[in-house]
Every structure is written in C-alpha cells, then in structure tokens.
Amino acid sequence: MSATWLAVLGAGVGCYLLKLAGLSVPERVLERPVVRRVADLLPVALLAALVAVQVLAGDRRLEADARLAGLGAAVLLLLARAPFLVVVVGAAATAALLRLAV
C-alpha cells in the first residue's frame, strides 16, 4: 500500500475519531453560552480564512487579481441582501469579466 493511501486512511480514521469525540461531549458542556457562541462562529471564521487564503495567496506572495474583485462583488451583494445564488453568480461574473479584460 502506498504512502498516499496510508495518509488518506489515517486522515479518515482521525476525522471519524474527532467526530466521535464531539458526540461524546456531555450535554451540560454544550449548553454553556461561550461554547455555543464559539460553535456558531468557528465554522464561519474557518470558511472566511479559507476564502481569504484562496483569494489572496499566490506563489509565496500576496496577489490582487480578478479573484479579489469577485470577492468584493460578493461582499457587496451580501450587504445588499441578495440571494446566495445571485451572490455566487455575481462574484463569478465579476472575476470572469475582469479576466477577459486583462
């Protein structure tokens, strides 16, 4: 078995054990307001960090290109309370149009 498959299987087992550990947490711990607030905000923070890295990261340097403009368009559409599909299409269209122009 190759090292890649061992890494994939190891990651899968690790994810399962992490999920199992989360399900074993006593209910009284989960009812605390701080834990509830962190559980609500952590996925949003992780997704925002992932988007920022994907938009701004290049070959070991920061890049400002059409992806950044697409992200800006998405933020503006979100502030305007546009539906999610409109936000995604608007961001993609903005990035695509800027790439065509360059």
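Source: prediction; values computed, not measured.
Take Pro26 and apply the side-chain contact (heavy atoms from CB on, under 4.5 Å) test, not counting sequence neighbours, and it matches Arg28, Val29. In this view, Ala93 satisfies the side-chain contact (heavy atoms from CB on, under 4.5 Å) rule with no residue, not counting sequence neighbours. Shown here are the side-chain contact (heavy atoms from CB on, under 4.5 Å) partners of Val75, two or more places apart in sequence or in another chain: Leu79.
Applying the 4.5 Å side-chain rule to ILVMFWY residues, one finds Leu85 in the same cluster as Val89.
Cluster membership check: Tyr16 does not share its hydrophobic cluster with Leu18, using side-chain heavy-atom separations under 4.5 Å among Ile, Leu, Val, Met, Phe, Trp and Tyr. Cluster membership for Leu50 and Val53, using ILVMFWY side-chain heavy atoms within less than 4.5 angstrom, is not shared.
Annotation for Val86 and Leu77: closest pair O-CD1, 3.7 Å, computed over non-hydrogen atoms.
Residue pairs meeting the salt bridge (charged side-chain N to carboxylate O under 4.0 Å, His left out) criterion with at least one member in residues 92-102, sequence neighbours excluded, do not occur.
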I'd like a table of donor-acceptor pairs (distance under 3.5 Å, sequence neighbours excluded) in which one partner is a side-chain atom from residues 67-74, with atom names and distances.
unit_1: Arg67; atom_1: NE; unit_2: Asp65; atom_2: OD1; d: 3.3
unit_1: Arg67; atom_1: NE; unit_2: Asp65; atom_2: OD2; d: 3.3
unit_1: Arg67; atom_1: NH1; unit_2: Gln54; atom_2: O; d: 2.8
unit_1: Arg67; atom_1: NH2; unit_2: Val55; atom_2: O; d: 3.4
unit_1: Arg67; atom_1: NH2; unit_2: Asp65; atom_2: OD2; d: 3.4

